[in-house]
Structures are given as structure tokens and as C-alpha cells.
J.: 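Structure incoming, see below.
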Amino acid sequence: MHRRTALGGALTALATAAAGVLVAAAVSTAPAAAAAGGTGTGYLHTSGNKIVDSTGATVRLTGINWFGMETDNKTFHGLWSSNPWRSQLDTMARLGYNTLRIPYSNDALKAGATATGINDFVNPDLIGLSPLQILDKVIDYAGSKGMRVILDRHRPTSAGQSPLWYTSTVSEATWINDWKMLAQRYAGNTTVIGADLHNEPHAEGTNPAATGACWGCGDTARDWRLAAERAGNAILGVQPNWLIFVEGVSCPSGGLSNVWDNDPSNDEDCGWWGGNLSKAGQFPVRLNVANRLVYSPHEYATSVYRQAWFDDPTYPANMPAIWDKYWGYLYKQNIAPIMMGEFGTTLQDPKDKIWLQNLMAYTGTGVNGMSFTYWSWNPNSGDTGGIANDDWTTINQPKQDILTPYLIPPTGGGGTTSPSPTGTPNTSPAPTTPPPPVTGGCTATYKQINSWSGGFQGELTVKNTGTAAVNPWSATWTWPSGVTLASGWNATVTQSGTTVTAAAPAWASSLAAGASVTVGFTANGTAAAPGSVKLNGTAC
């Protein structure tokens with residue numbers, strides 16, 4: 001996304017960011033644990049048109065894009081908001097997004113690259129980190145929640161996308177070497193499952209003097225299929241367990257149709273940038289490691305560009321045949337899996353809602369359906385908006401309602417909860433009805449995440465060691481005089497005097513026997529561990 005053409009049209013969606021004040025901080029970037037449950041076990045591979053885990057069980061990736069690392073900020077957008085980065089991931093996982101597609105540019109990987117636009121009050125644990133170190137932390141936490149991660153080389157530089165996988169300043173060798181570096185960096189970390197090699201290869205120039213990305217034309221300087229083989233095989237030489245995600249082109253010839261020259265031989269059927277895989281059946285991507293190839297088209301609504309098919313009198317009945325032609329046949333003929341890397345809409349045009357409903361139905365329900373990563377979590381996508389609203393906390397419920405029946409939530413991760421999806425911030429008061437007592441007991445573990453002059457960040461994990469669920473749960477603790485709550489997440493956190501209450505949110509009110517919940521917070525004052533911790537009145 002960010003910029004695309006279709007049949008010669010062009011749209012631009014460049015996001016802008018607010019800058020943050022930076023101070024140094026030391027953090028841990030330990031590798032993530034293996035994902036489990038909704039995204040399978042171990043590394044993934046393919047079998048016909050399915051993605052399967054290390055046990056052979058079918059996996060469906062139902063994910064979301066979180067962009068920013070490909071822009072001038074060189075890190076995730078929304079880190080400038082009042083919603084901590086972990087809380088944003090909590091929400092994604094709870095809503096059912098089991099995979100995170102992360103766009104980046106090669107600029108963000110350079111030595112000395114600086115991440116900007118970070119709210120140092122809300123995300124103090126990210127201050128002073130490089131873009132790659134922040135990526136490490138996001139991968140680590142996503143993995144703890146059972147999510148998977150796909151890395152997407154979105155742009156050669158933060159300046160913008162390119163029709164080819166290389167430019168005059170970023171060579172093919174740089175592109176491949178950076179991929180090999182990432183494959184080595186995350187070797188053995190089963191959270192990171194693969195590489196989306198280059199975002200939205202597309203046509204440039206008019207036929208017969210095409211200069212853009214073609215498919216199957218045989219020109220090594222322009223044939224995206226051949227380039228994908230070179231990069232994919234180089235990555236697999238370093239990390240043979242990764243999936244290789246290959247997008248389509250826009251026009252198979254690599255050139256825009258010249259409809260004004262009255263020469264039909266120069267005209268062809270084009271689609272979205274990255275969305276045309278019509279020649280992949282005839283000219284398949286050939287990888288040295290079997291069962292690693294996933295085709296990854298992009299698909300958008302009329303709010304992004306008014307393709308001719310949106311004005312067809314039979315719309316939307318005409319759409320399945322169009323999807324079949326461009327990429328769906330690969331799935332239906334059991335050639336390879338499909339993972340729609342990007343699709344999205346503002347829902348502002350009535351046709352858009354129909355489009356999204358029909359597209360989701362086309363992918364199929366349940367674990368055997370096509371995989372996808374929605375564009376995007378970010379509300380600042382100019383073409384589509386986001387699942388998150390402008391506060392980066394509440395949710396665009398009309399979009400989410402259409403996607404929910406097709407989402408397979410991650411499981412086997414951490415025991416945290418997340419902000420409300422209903423469009424209201426986490427500011428409601430604690431329940432006035434006394435919570436039920438705990439049958440048994442509880443334990444409490446505190447971890448200080450960071451500290452700075454005048455404040456600190458911590459996590460309190462409370463475990464229900466009783467024999468029955470606590471519903472609703474409520475944890476309390478005390479702080480010394482002078483320590484005041486600044487922000488909290490994974491619960492409704494309030495303070496009265498020296499007592500802090502973390503009340504269960506309505507959408508995660510029950511704490512099962514043996515289960516834990518981790519409440520995160522930032523506070524003003526001298527760093528202090530919570531004292532006199534209780535779960536529903538029972539001392540821990």
C-alpha cells in the first residue's frame with residue numbers, strides 16, 4: 001500500500017508522524033517462543049493449497065498490517081499515541097488477528113538508522129533503541145501471544161515504492177543481502193515465518209517500451225518471477241524453514257497499456273499493483289526447497305481506485321470470476337496457497353461494504369480458507385483508514401464486524417487482556433458491586449520494565465491459584481505516598497489515595513483457576529513495587 005496505480009491511474013497515501021523526545025534506555029530483546037494453537041506449532045510449510053504446521057495440521061493466517069517501519073519514522077506508527085505498544089498488540093490478538101505483517105524499507109536496516117515518533121512517556125522502554133531493536137521487541141511480544149510475523153520489504157528507501165525490486169541507489173545485491181541478514185537474525189525463532197520479498201511490483205512506461213516489472217517475459221532486469229526465485233533461494237539457503245511470499249505484478253508485460261495508439265497488441269488486462277498473478281500458472285516461481293512458496297496478491301476497493309469492474313452492471317456477481325482470473329485459480333487448482341497480503345477499504349462508498357463482504361466470502365470460512373493480512377491496523381492509511389480509530393485504541397467496529405467471522409485468534413500465548421473494542425476508551429470506573437471472593441488463593445509477581453527521572457513503568461502479574469474461576473476479577477495494591485498512576489492497560493486501572501484498583505474489562509471478566517493476568521502501567525514518582533496485592537480481597 002501507500003501508493004499504487006491501476007490501469008494507469010495513481011493514488012498516494014503517505015502517512016505523516018509526530019516526533020517524540022528521545023532518552024536512552026536499556027531493554028531486553030530476547031527471541032520469541034514458538035507460536036501455538038491458532039497458528040500451529042513450529043515452522044510452517046505448504047501442502048497443495050494449504051499452509052500446514054510442523055505436525056501437518058492446517059493453519060490459516062488471519063492477520064493485519066502494522067506499518068511505519070518503511071516510512072521516515074523507521075518504526076511502527078502509533079508509537080506516538082497514548083496507547084502503549086503492547087496494548088495495541090493485545091487488541092490485535094484479542095480481535096482475532098493471529099499474524100502481523102510488518103512493512104519495512106532498507107533504510108530502516110542501515111547501521112545508525114534512528115527510530116522517531118515515539119511517545120517517551122507511554123513507551124519509555126523503546127527510547128534509544130534502533131529500528132531493528134524495536135522490531136525485536138514487537139516480534140518477542142507478538143510471539144508470546146501466539147501470533148506469527150511476516151516481514152515485508154515494502155520499499156527500497158523510505159522515500160517511496162518502486163516498480164522494480166531495485167533502484168539506482170538500492171541494488172539487487174543489497175535487497176538480497178538485507179533479506180539474508182534478517183533470516184539469520186531470526187533463525188530459530190518460529191514467530192517469524194517468512195519473507196514477503198518485495199511489495200507491489202508494477203508496470204512502468206507504456207508498451208512496447210515497458211520498463212516496469214513483468215512476469216514471465218524472460219528479461220532478468222525486469223522479470224519479477226525470476227527475481228523472486230533469486231531472492232527466495234538466497235533466503236532459503238540461510239533459513240530453509242521460512243515461507244517465501246511472492247506478490248503479483250500489475251500488468252504481465254511490465255508496461256501500461258497505451259489505449260490511445262489504436263493498437264490492441266499494446267494493450268493488456270492489468271490489475272492492482274502486486275495483484276496480478278495470472279501468469280504464475282504458466283510461469284511458476286521455482287524454489288530450491290519444496291513446499292515453501294505462497295502467492296500473495298493485493299486486492300482493493302473502489303475507494304482506492306475505481307476499476308472498471310466496479311461499474312459492471314452485474315456487480316458484485318462479476319467479482320469472483322475476476323478474482324479467479326488474477327489469483328484465485330492458484331488456490332482452486334491446488335497449485336499453491338494464497339495469502340492476501342493487503343486488502344482494505346474506508347467503507348465510505350456503499351460499494352465498498354459489498355466488496356469486502358463478498359471478498360471475505362470468496363476466501364472461505366474456517367481453517368481451510370485462504371489466508372490474509374488486512375490493511376491495516378493504522379488509522380493513518382490515507383487510502384483505507386484502519387481497524388484502529390484515530391486514538392489508536394478504540395476500534396472501527398463496522399470493518400471489524402465484517403472480518404470477525406473469518407478470523408482465527410491466536411492461542412497459547414500470554415494471559416493478558418486488552419482495550420475495549422466498542423469504541424469507548426478504557427476509562428470507566430471500577431465496579432460498585434463487590435467482586436466475588438477467591439476460592440483458594442493467589443500469587444503476585446512484579447517486574448519493573450523501566451524507570452526514568454520522575455517516573456517508571458511496571459507489570460504486575462496476578463495468578464488465580466484457587467480452585468474456581470473468579471468472575472469478575474479485580475486486583476488491588478498500594479503504593480507509597482507520592483506515587484501516582486499515569487496510565488494502565490490490560491484492565492481498567494484507577495487510583496484512590498495510595499490504593500490502585502485494576503478491574504476486569506467486560507470482554508475478559510473471568511480469570512480461570514490457574515490462569516494469570518498481567519496489568520501494565522506507568523506511574524509518576526520514585527519507582528516502587530506494588531504492596532499488599534489482593535485478588536478480589538484475598539491477599540496474594
Side-chain angles (χ1 to χ4, degrees), residues 32-65 89-101 142-150 190-196 241-246 277 290-299 320 323-324 327-344 356-375 377 387 399-414 421:
T39 46
T41 300
Y43 281 111
L44 307 182
H45 59 281
T46 70
S47 177
N49 65 1
K50 291 180 170 48
I51 297 173
V52 298
D53 72 0
S54 59
T55 71
T58 300
V59 168
R60 186 180 191 183
L61 306 177
T62 63
I64 196 163
N65 287 266
L89 280 168
D90 288 341
T91 304
M92 296 179 212
R94 179 187 49 77
L95 291 174
Y97 298 103
N98 64 32
T99 301
L100 192 63
R101 181 176 179 261
S144 76
K145 304 191 74 63
M147 299 175 76
R148 302 288 195 154
V149 169
I150 298 168
T190 55
T191 296
V192 186
I193 57 170
D196 189 335
N241 294 309
W242 269 14
L243 296 175
I244 303 298
F245 296 87
V246 180
L277 285 157
N291 303 316
R292 296 295 183 270
L293 173 65
V294 179
Y295 288 113
S296 187
H298 292 186
E299 184 71 27
W323 295 325
D324 283 349
W327 44 269
Y329 74 97
L330 295 164
Y331 180 88
K332 291 186 174 182
Q333 296 177 23
N334 204 38
I335 295 171
I338 288 292
M339 202 290 293
M340 248 195 319
E342 293 183 19
F343 64 105
L356 185 56
Q357 290 171 330
N358 280 265
L359 178 62
M360 297 313 297
Y362 179 82
T363 67
T365 57
V367 74
N368 291 315
M370 301 180 199
S371 293
F372 58 82
T373 49
Y374 185 81
W375 187 276
W377 169 248
I387 292 297
K399 292 183 185 179
Q400 183 64 27
D401 286 345
I402 296 174
L403 297 172
T404 292
Y406 303 90
L407 300 176
I408 300 177
T411 57

J.: Test Y97 against every option in L407, L89, T91, T62 by the side chain to side chain contact (heavy atoms under 4.5 Å, CB included) rule and name the one that passes.
T.: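 The option that passes is L407.
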J.: Can you name the side chain to side chain contact (heavy atoms under 4.5 Å, CB included) partners of A93, sequence neighbours left out?
T.: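 Side chain to side chain contact (heavy atoms under 4.5 Å, CB included) list for A93, sorted by chain: K145, M147, P410.
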J.: Would you indicate whether the side-chain heavy atoms of V294 and V246 approach each other to under 4.5 Å?
T.: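 The answer is no, as the side chains (C-beta and beyond) never meet within the 4.5 Å cut-off.
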J.: I'd like to check V59 versus V52 (side-chain heavy atoms, cut-off strictly below 4.5 Å). Are they in contact?
T.: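 No; the side chains remain at least 4.5 Å from each other.
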J.: D53: what forms a side chain to side chain donor-acceptor pair (under 3.5 Å) with it, not counting sequence neighbours?
T.: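 If we apply the side chain to side chain donor-acceptor pair (under 3.5 Å) test to D53, skipping adjacent residues, the hits are T55.
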J.: Of all residues at least two apart in sequence or in a different chain, which pass the side chain to side chain donor-acceptor pair (under 3.5 Å) check with N291?
T.: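 With neighbours one apart ignored, the set is empty.
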J.: Quick one: does T373's side chain have a donor or acceptor within less than 3.5 Å of a partner on R101's backbone?
T.: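 Judged by distance alone, no pair lies under 3.5 Å.
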J.: Is there a side-chain contact between V367 and I408 (heavy atoms, below 4.5 Å)?
T.: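 Yes; the side chains approach each other to less than 4.5 Å.
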J.: Is there a side-chain contact between L293 and T46 in this structure, where contact means two heavy atoms from C-beta onward sitting under 4.5 Å apart?
T.: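 Result no, sub-4.5 Å side-chain heavy-atom pair not found.
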J.: Go through the steps to decide whether F372 and R60 satisfy the test side chain to side chain contact (heavy atoms under 4.5 Å, CB included), and finish with yes or no.
T.: CA-CA 8 Å; F372 58 82; R60 186 180 191 183; 3.8 Å; yes
J.: Please check if the side chain of N65 supplies one atom and the backbone of G341 the other of a donor-acceptor pair under 3.5 Å.
T.: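 Checking the backbone N and O of G341 against the side chain of N65, a donor-acceptor pair under 3.5 Å is found.
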J.: Does I150 reach the side chain of L61, with side-chain heavy atoms less than 4.5 Å apart?
T.: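 Side-chain contact under 4.5 Å: yes.
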J.: Give a yes or no on whether the backbone of N49 and the side-chain of N334 come within a donor-acceptor separation of less than 3.5 Å.
T.: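 Yes; at least one donor-acceptor contact below 3.5 Å.
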J.: Quick check: do W375 and I64 have side-chain heavy atoms less than 4.5 Å from each other?
T.: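 Result no, sub-4.5 Å side-chain heavy-atom pair not found.
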J.: Quick one: list whatever passes side chain to side chain contact (heavy atoms under 4.5 Å, CB included) with P297, sequence neighbours left out.
T.: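 For P297 the side chain to side chain contact (heavy atoms under 4.5 Å, CB included) partners, ignoring immediate neighbours, are L277, W327, I338, M340.
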J.: Does some side-chain heavy atom of Y43 sit less than 4.5 Å from a side-chain heavy atom of S54?
T.: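 S54 does not reach Y43 side chain to side chain.
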J.: With a 3.5 Å distance limit and no angle check, can you tell me whether N98 reaches the backbone of G146 through a side-chain donor-acceptor pair?
T.: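 Not a single qualifying donor-acceptor pair exists.
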J.: Do the non-hydrogen side-chain atoms of M360 and L403 ever get within less than 4.5 Å of each other?
T.: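 With C-beta onward as the side chain, the pair touches.
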J.: Show your working on side chain to side chain contact (heavy atoms under 4.5 Å, CB included) between M339 and F245 and close with a plain yes or no.
T.: CA-CA 8 Å; M339 202 290 293; F245 296 87; 4.0 Å; yes
J.: When you measure from the side chain of R148 to the backbone N and O of T39, does any donor-acceptor pair fall under 3.5 Å?
T.: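 A pair under 3.5 Å: yes.
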J.: For Q333, check side chain to side chain donor-acceptor pair (under 3.5 Å) against everything at least two apart and list the hits.
T.: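 Side chain to side chain donor-acceptor pair (under 3.5 Å) check on Q333 returns nothing, list empty.
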J.: Once rounded to the nearest 0.5 Å, what's the spacing between atom CE of M370 and atom NZ of K50?
T.: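 Those atoms lie 10.5 Å apart.
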J.: Look up atom CD1 in I193 and atom CD1 in I51, then write down how far apart they are to the nearest 0.5 Å.
T.: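 Here the rounded value is 6.5 Å.
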J.: Which residues pass the ring pair (Phe, Tyr, Trp, His ring centres under 6.0 Å) test with Y374, sequence neighbours left out?
T.: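 Scan of Y374 (ring pair (Phe, Tyr, Trp, His ring centres under 6.0 Å), adjacent residues dropped) gives F343.
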J.: Checking W377 against L100 for the side chain to side chain contact (heavy atoms under 4.5 Å, CB included) test, could you report, in this order, the C-alpha distance in whole Å, the side-chain angles of both residues, the deciding distance, and whether it holds?
T.: CA-CA 10 Å; W377 169 248; L100 192 63; over 6 Å; no
J.: Restricting to side chain to side chain contact (heavy atoms under 4.5 Å, CB included), what partner residues turn up for T365, sequence neighbours left out?
T.: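 Here the qualifying residues are Y406.
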J.: Using the side chain to side chain donor-acceptor pair (under 3.5 Å) criterion, which residues pair with D401? Sequence neighbours excluded.
T.: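 Only Q397 meet the side chain to side chain donor-acceptor pair (under 3.5 Å) criterion with D401.
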J.: The criterion is side chain to side chain contact (heavy atoms under 4.5 Å, CB included); which residues satisfy it with N358, sequence neighbours excluded?
T.: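 Listed in chain order: P316, W323, I354.
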J.: Would you confirm whether T99, through its side chain, and G63, through its main-chain N or O, come within 3.5 Å as a donor-acceptor pair?
T.: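 Not confirmed, T99 side chain does not pair with G63 backbone.
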J.: Look up atom CG in N241 and atom CZ in R292, then write down how far apart they are to the nearest 0.5 Å.
T.: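 The distance works out to 6.0 Å.
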